[in-house]
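Written below as structure tokens is the structure these notes are about.
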2 protein chains.
Amino acid sequence: MTEPADDPRRPGADAGSKTSLQRGIAILRAIAAHGGTGARLTDLARDLGMTPPTVHRLLKALVAEGMIDHDPQGKRYRLGLDLFVLAAQAGSCGTLRDMARPILLRLSATLRETVFLLVRNGFDAICLDRAEGPFPIRSFTGDIGGRVMLGIGQGSLTILAHLPEDEQQEVIRFNLPRMQGMGFLDEVYLRTAIAKVKAQGYSSQHSGLLPGMSGVAVPVFDRQGRAVAALSIGTPTDRLTDERLTVVVDILRREAAGISRQLNPFDPALSRSGVSGSIV
Amino acid sequence: MTEPADDPRRPGADAGSKTSLQRGIAILRAIAAHGGTGARLTDLARDLGMTPPTVHRLLKALVAEGMIDHDPQGKRYRLGLDLFVLAAQAGSCGTLRDMARPILLRLSATLRETVFLLVRNGFDAICLDRAEGPFPIRSFTGDIGGRVMLGIGQGSLTILAHLPEDEQQEVIRFNLPRMQGMGFLDEVYLRTAIAKVKAQGYSSQHSGLLPGMSGVAVPVFDRQGRAVAALSIGTPTDRLTDERLTVVVDILRREAAGISRQLNPFDPALSRSGVSGSIV
DNA sequence: TCAAAAAATTCCAACATACGGAATATCGAG
DNA sequence: CTCGATATTCCGTATGTTGGAATTTTTTGA
């Protein structure tokens, strides 16, 4: 009580969580961070610096809402289906995602590659959607909902490169320290890459993240001309000849332009029925 | 206050949300129900029977957590990216979904149809994942996260048919009233369909939901032999000859069995890294 | 198998914080 | 510019939240 939560432990927890609603959300996050195994009450309490009774009560509320599932035997808590349902309809970019989906499918069919749609979110990029290519060789990274620092990976790098100067600086300043462990990413390297992408208008490179894999990405602009998203493909490096690169970039550019054109962020006409669709 | 009373939403939700955490979640749901347009504060207050100040404060907390985005100009609130990210890792079935994904992809490639993975959730079934078929003709219903009553649609019907007798009764009793508006679904019809599915071990029929579309579905059992999910395809009716139906059912059955075999709900070994993956 | 330890859950009084009416600021239309 | 509607802030009150302690349940170890 008297101790003002000094955010003692794990990073990722906000320093000053105050409202109980925020505490509840912190619990959701902690459970998500725990992975598919599920989290135990005590672990959550320790990780979040809350007392077991508090965690228990919040958990109970979350379970009642279906946001969490509770194994009665295993004593483990995991993210629940209702959360999944809820987020399927999220969010501010719901329209972007809905709109881009057929395009992703078409692209993956045409290019026979896995296609990603990334959007910017603060200092990160988030994988909003992906459409699998037909080949068994494909990256299992970049899961939907996955998050990477702006600057890591081609799609992410493309967004960063096309940001306004000042925002770009801010992001770099913020992200560089976070890139410590990655080794090969120093400031010079990053700025060189950005300059190149900005000049080309697209990004293409062996990913560096996955041996043998390459990525190609182009920016998606909103109606105000801001780079809000990126369209990218992941492919084995040896499948990406210079000739093919030209073709791929061309196609990606065309589709990205199509998305931009449809991207009217405040057009209510874009609103889909939204709620649960019927299933075959 | 008073009693906004009838919230004919879903069964698990208590009419009287009590904790502020639950109120916050109710707000998330209300925003989701509002669709991509976004919801205004007053609407939310009215819909939920809360006062504007309360809604405002809760919204502020949710925005602070990134669960909601707030258009400063438009005064509209929409589901935020963080919610999307969170749920991408949900949930209790995260393992099921992760595990089933390659199977879905393989199926959609083999059958050249759109494949759905449905799981039971109370009185409903939820579309956990889908893999698009290569043909332009495809159903746009059954979006990921979409929800249907148990009994509507082939996948959903299959799950219902394979439920234990008592649970089945309970679901039917609960759902029949909800099916009022659907006209062609009376109790006799439903029970006949269930009996047939149970006898066959699979479900196949023109959907009735979409003209010209048919569905084929087989149940997925967990290790305790309970029907927890269904694997289904949606296809134009005229593409589904009797001969092809046999083949399709056979393949679906084989894959469903594969899923069942891997479905060890308490095997920690199944836990994936879970957290953000790197993106190409 | 049983006992001891750990975890989960319940209880409850003190208290913090969430609530909502009212006031104020802001937006939008006429 | 004025008016009505909506969003936001304020603040006293009471309700919901909190955490220590007690109780129950599960896990661990012998």
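Within every chain, numbering begins at 1; the chains are lettered A, B, ... in the order of the sequence lines, protein sequences first and strands thereafter.
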[N] [atom2] sits how many Å from [X] [atom1], rounded?
X: A:Leu59; N: D:dT18; atom1: CG; atom2: P; answer: 12 Å
X: A:Arg46; N: D:dG19; atom1: CZ; atom2: C1'; answer: 19 Å
X: A:Arg57; N: D:dT17; atom1: CZ; atom2: P; answer: 6 Å
X: A:Arg76; N: D:dT27; atom1: CZ; atom2: P; answer: 10 Å
X: A:Gln22; N: C:dT17; atom1: CD; atom2: C1'; answer: 13 Å
X: B:Leu44; N: D:dT8; atom1: CG; atom2: C1'; answer: 15 Å
X: A:Lys60; N: D:dT17; atom1: NZ; atom2: C1'; answer: 13 Å
X: A:Arg40; N: D:dT25; atom1: CZ; atom2: P; answer: 19 Å

Indicate yes or no: at least one non-hydrogen side-chain atom of B:Ile68 is less than 4.5 angstrom from one of B:Ile31.
yes
Run the salt-bridge test on B:Arg226 and B:Glu167 with the 4.0 Å N-O cut-off and return the result as yes or no.
yes
Salt bridge check, B:Asp69 against B:Arg76: does any charged N sit closer than 4.0 Å to a carboxylate O?
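No, no charged N to carboxylate O under 4.0 Å.
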Using OP1 and OP2 only, check whether a side-chain N or O of A:Arg23 sits under 4.0 Å from D:dT18.
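The answer is yes; a side-chain N or O of A:Arg23 sits under 4.0 Å from OP1 or OP2.
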So, is B:Thr19 near the phosphate of D:dG16, with a side-chain N or O under 4.0 Å from OP1 or OP2?
no
Verify the ring-centre separation between A:Tyr77 and A:His34: is it less than 6.0 angstrom?
no
Between A:Leu21 and A:Asp43, which has a closest nucleotide on DNA chain C that is more 5'?
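That would be A:Asp43.
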Measure from the side-chain heavy atoms of A:Pro53 and tell me the nearest of D:dT9, C:dC11, D:dT18.
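Output: C:dC11.
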Which of these nucleotides, D:dC10, C:dT10, C:dC19, is closest to any side-chain atom of A:His56?
C:dT10
Under 3.5 Å, side chain of B:Gln22 to main-chain N/O of A:Glu65, donor-acceptor pair present?
no
Base, sugar-phosphate or nothing for A:Ser20? Non-hydrogen atoms, less than 4.0 Å.
sugar-phosphate
